[in-house]
Amino acid sequence: KGDHIVTGWENNGLEVPIALKGRVPVKVSCNASIVYGDLLTSSERPGFAIKKDLSRLNIVERIEMMEGTTLGKALENCEEGEKKIMVWID
């Protein structure tokens, strides 16, 4: 029905928005090109998402990677570098 954003707290006591569902701007690292509809997962770099690349995995590894590691789906493309794109979180 819409975006669901609540307020959380950082260690220093400041309020920060936390997205639970909907369209959310997310910082991504585009080492592998990201296109509309790609699944995204967390990066080794804190605060960034990366493309979830399942193409090199066998079926068992793909199923294991699909469980619990997806952040959302890209709603925009990113060819290279780092930028903020809209992502669907559900």
Side-chain angles (χ1 to χ4, degrees):
K1 288 186 175 185
D3 304 337
H4 296 279
I5 299 177
V6 297
T7 300
W9 301 92
E10 285 195 10
N11 290 340
N12 58 9
L14 296 176
E15 290 184 13
V16 293
I18 299 173
L20 301 177
K21 180 179 178 181
R23 299 170 312 250
V24 179
V26 174
K27 292 184 285 186
V28 293
S29 177
C30 308
N31 296 338
S33 285
I34 296 171
V35 296
Y36 182 92
D38 281 345
L39 296 177
L40 302 177
T41 189
S42 56
S43 168
E44 291 180 4
R45 183 171 175 203
F48 283 80
I50 57 172
K51 178 178 179 178
K52 187 175 194 175
D53 185 10
L54 303 175
S55 63
R56 299 183 194 152
L57 306 176
N58 66 42
I59 189 67
V60 174
E61 292 170 326
R62 286 182 188 195
I63 292 170
E64 289 173 355
M65 281 286 293
M66 292 296 286
E67 296 177 359
T69 59
T70 302
L71 297 176
K73 277 191 178 182
L75 298 177
E76 297 181 67
N77 299 337
C78 180
E79 299 300 323
E80 61 183 45
E82 297 172 345
K83 67 187 240 182
K84 197 177 279 191
I85 64 171
M86 293 303 287
V87 173
W88 179 258
I89 296 177
D90 192 11

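The chain is numbered in sequence order, starting from 1.
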| field | Verdict with supporting geometry, Ile89 and Lys21, side-chain contact (heavy atoms from CB on, under 4.5 Å) | value | CA-CA 5 Å; Ile89 296 177; Lys21 180 179 178 181; 5.5 Å; no

| request: Considering non-hydrogen atoms only, spot the tightest contact between Leu40 and Ala49 and give its length. | output: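 Leu40 and Ala49 have their closest heavy atoms at CB-CB, 4.3 Å.
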
Roughly how far, to the nearest 0.5 Å, is [atom2] of [Y] from [atom1] of [X]?
{"X": "Phe48", "Y": "Lys83", "atom1": "CZ", "atom2": "NZ", "result": "13.0 Å"}
{"X": "Ser43", "Y": "Lys27", "atom1": "OG", "atom2": "NZ", "result": "11.0 Å"}
{"X": "Leu71", "Y": "Lys52", "atom1": "CG", "atom2": "NZ", "result": "8.5 Å"}

| request: For Glu76, enumerate each residue passing the side chain to side chain contact (heavy atoms under 4.5 Å, CB included) test, keeping only those at least two apart in sequence or located in another chain. | output: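 Per chain and number, Glu76 pairs via side chain to side chain contact (heavy atoms under 4.5 Å, CB included) with Ile85, Met86.
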
| Is Val87 reachable from Ile50 through a run of hydrophobic residues whose side-chain heavy atoms are each under 4.5 Å from the next? |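 No, no single cluster joins them.
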
Going by atom type alone, with no hydrogens or angles, which donor-acceptor pairs under 3.5 Å involve a side-chain atom of residues 29-39 and a protein atom two or more places apart or on another chain?
from: Ser33; atom 1: OG; to: Glu79; atom 2: O; distance (Å): 3.2
from: Asp38; atom 1: OD2; to: Val35; atom 2: N; distance (Å): 2.9

| request: Kindly write out the residues that satisfy salt bridge (Lys or Arg N to Asp or Glu O under 4.0 Å) with Glu82, not counting sequence neighbours, or none if the list is empty. | output: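 Salt bridge (Lys or Arg N to Asp or Glu O under 4.0 Å) check on Glu82 returns Arg45.
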
